[in-house]
Amino acid sequence: MQMDVIQQVALFRGMDEAELAAALSALSAKEKTYEKDETILCAGNVSEHMGLVLEGSVTIESNDVWGNRTILSHIEKGGTFAETYALLEDEPMLVDVIANEKSNILFLRIGSLNLLQQDISPWRVKLIGNLLRISSQKNLHLTGRSFHTAPKSIRGRVMAYLNSVSLQKNKIDFDIPFDRQQLADYLNVERSALSRELSNMQQDGLIIVRRNHFEIAKNE
């Protein structure tokens, strides 16, 4: 188990080595490796386990019965997923979790927290506080995505998304975590139409695009 990575993640912030060891034991931590495009958790299933990305990255997707895909978020190394479903336990998942590349995932049985309500050990108090912080950050992300998909035009959606990334990174040139198809699925647009609009935006002097690297042109 990659303890050096685990100690650095937000979920275990503030824990010393003894507290971390106690938490991992109580939560029945187990690690599993997935190949690119492999399904980690499937919509319709219930799970009392949340996931922590130790290596690689995953996407959270909504795939309907007609074959339409919408990417809701991208989780990188150190990020977590499915904590809400794990705490609710009996709530079927509405999304799929897919490995974006070869990834190592640490599963934690946080549904067991409901069985430990009388336990006020320091690690548990810290874990609950960290989970609350993580959930709040994810609520902000989902709110941000609603802004990204609100504009009616493809250009408006692209500009809303790139503006958010620029603000978060505090720079005008950056990499995004999506390839072209994933960006189209995230913005709920057709890939060909997105590629055409990105080309038009580049010709209009709004952006510079190199694969998944973007630079926003400043107004002179």
Side-chain angles (χ1 to χ4, degrees), residues 1-15 17 19-63 69-116 123-124 126-142 145 175-179 181-183 185-186 212:
M1 196 172 294
Q2 299 168 267
M3 297 299 292
D4 57 330
V5 176
I6 295 172
Q7 286 180 311
Q8 301 302 315
V9 302
L11 182 64
F12 298 111
R13 181 180 288 118
M15 294 188 192
E17 291 185 4
E19 290 169 340
L20 178 59
L24 294 176
S25 175
L27 300 177
S28 304
K30 62 178 181 179
E31 187 176 345
K32 187 173 180 180
T33 299
Y34 293 85
E35 299 300 323
K36 177 178 171 61
D37 295 328
E38 190 174 354
T39 299
I40 299 171
L41 294 175
C42 185
N45 292 341
V46 297
S47 176
E48 60 183 6
H49 292 85
M50 65 172 287
L52 168 62
V53 182
L54 298 179
E55 292 290 342
S57 61
V58 306
T59 55
I60 310 301
E61 306 178 0
S62 173
N63 296 285
R69 179 176 77 161
T70 300
I71 292 182
L72 302 175
S73 63
H74 176 90
I75 311 296
E76 299 182 339
K77 180 178 177 178
T80 61
F81 58 87
E83 56 272 14
T84 299
Y85 290 106
L87 284 170
L88 295 176
E89 294 187 75
D90 295 326
E91 189 69 26
M93 295 189 63
L94 300 179
V95 295
D96 297 312
V97 182
I98 309 295
N100 194 52
E101 56 190 303
K102 185 174 181 179
S103 302
N104 293 336
I105 308 298
L106 183 69
F107 289 100
L108 302 164
R109 187 173 173 265
I110 62 169
S112 62
L113 284 174
N114 294 326
L115 304 177
L116 302 173
W123 73 262
R124 185 176 183 277
K126 292 175 182 177
L127 185 76
I128 292 173
N130 291 336
L131 279 170
L132 179 59
R133 186 179 298 107
I134 289 169
S135 295
S136 298
Q137 291 171 338
K138 291 196 173 185
N139 283 337
L140 284 176
H141 172 80
L142 290 174
R145 186 178 182 277
D175 292 334
I176 66 171
F178 301 129
D179 61 27
Q181 182 61 61
Q182 290 173 327
L183 180 59
D185 291 337
Y186 177 79
N212 71 325

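Along the sequence shown, the residues carry numbers beginning at 1. Values in this document were obtained by computation on a predicted structure and should not be read as measured data.
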With Cys42 as reference, evaluate Ile98, Asn63, Asp96, Val95 under the side-chain contact (heavy atoms from CB on, under 4.5 Å) test and give the passing residue.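 Going through Ile98, Asn63, Asp96, Val95 one by one, the side-chain contact (heavy atoms from CB on, under 4.5 Å) with Cys42 is satisfied by Asp96 alone.
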Are His49 and Ile110 close enough, and set up right, to give a side-chain contact (heavy atoms from CB on, under 4.5 Å), and what steps lead you there? CA-CA 6 Å; His49 292 85; Ile110 62 169; over 6 Å; no
Are the side chains of [Y] and [X] in contact, using a 4.5 Å heavy-atom criterion?
{"X": "Trp123", "Y": "Leu20", "answer": "no"}
{"X": "Lys138", "Y": "Glu83", "answer": "yes"}
{"X": "Leu11", "Y": "Leu127", "answer": "yes"}
{"X": "Ile6", "Y": "Leu54", "answer": "yes"}
{"X": "Phe81", "Y": "Val58", "answer": "yes"}
{"X": "Leu72", "Y": "Thr70", "answer": "yes"}
{"X": "Phe12", "Y": "Gln7", "answer": "no"}
{"X": "Leu108", "Y": "Leu24", "answer": "yes"}

With sequence neighbours excluded, residues passing salt bridge (Lys or Arg N to Asp or Glu O under 4.0 Å) with Arg69: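 Arg69 satisfies salt bridge (Lys or Arg N to Asp or Glu O under 4.0 Å) with Glu61, Asp185 once adjacent residues are dropped.
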Do you know which two heavy atoms are closest between Gly78 and Val9, and how far apart they sit?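 Heavy-atom minimum between the residues: CA-CG1, 3.7 Å.
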Using 30° and 60° as the class boundaries, would you call the ring planes of Tyr186 and His141 parallel, tilted or perpendicular?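 Taking His141 first and then Tyr186, their aromatic rings sit tilted (interplane angle of 30° to 60°).
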Side chains of Ser57 and Glu101: do they bring a donor and an acceptor to under 3.5 Å?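 The criterion, which ignores hydrogens and geometry beyond distance, is satisfied for Glu101 and Ser57.
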For the residue pair Asn100 and Gln182, confirm or rule out a side-chain donor-acceptor distance under 3.5 Å.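 A donor-acceptor contact under 3.5 Å links the two side chains.
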As a quick check of understanding, evaluate side-chain contact (heavy atoms from CB on, under 4.5 Å) for Gln8 and Arg13, giving each step before the final call. CA-CA 7 Å; Gln8 301 302 315; Arg13 181 180 288 118; over 6 Å; no
Please list, chain by chain and in numerical order, all residues satisfying side chain to side chain donor-acceptor pair (under 3.5 Å) with Ser103, sequence neighbours excluded.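 Ser103: no side chain to side chain donor-acceptor pair (under 3.5 Å) contacts found.
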Do the charged groups of Glu55 and Lys102 touch, with an N to O distance under 4.0 Å?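 Looking at Glu55 and Lys102, the cut-off is not met.
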Applying salt bridge (Lys or Arg N to Asp or Glu O under 4.0 Å) as the test, list every pair that has at least one member in residues 24-53; sequence neighbours left out.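 Residue pairs with at least one partner in residues 24-53: Glu48-Arg109.
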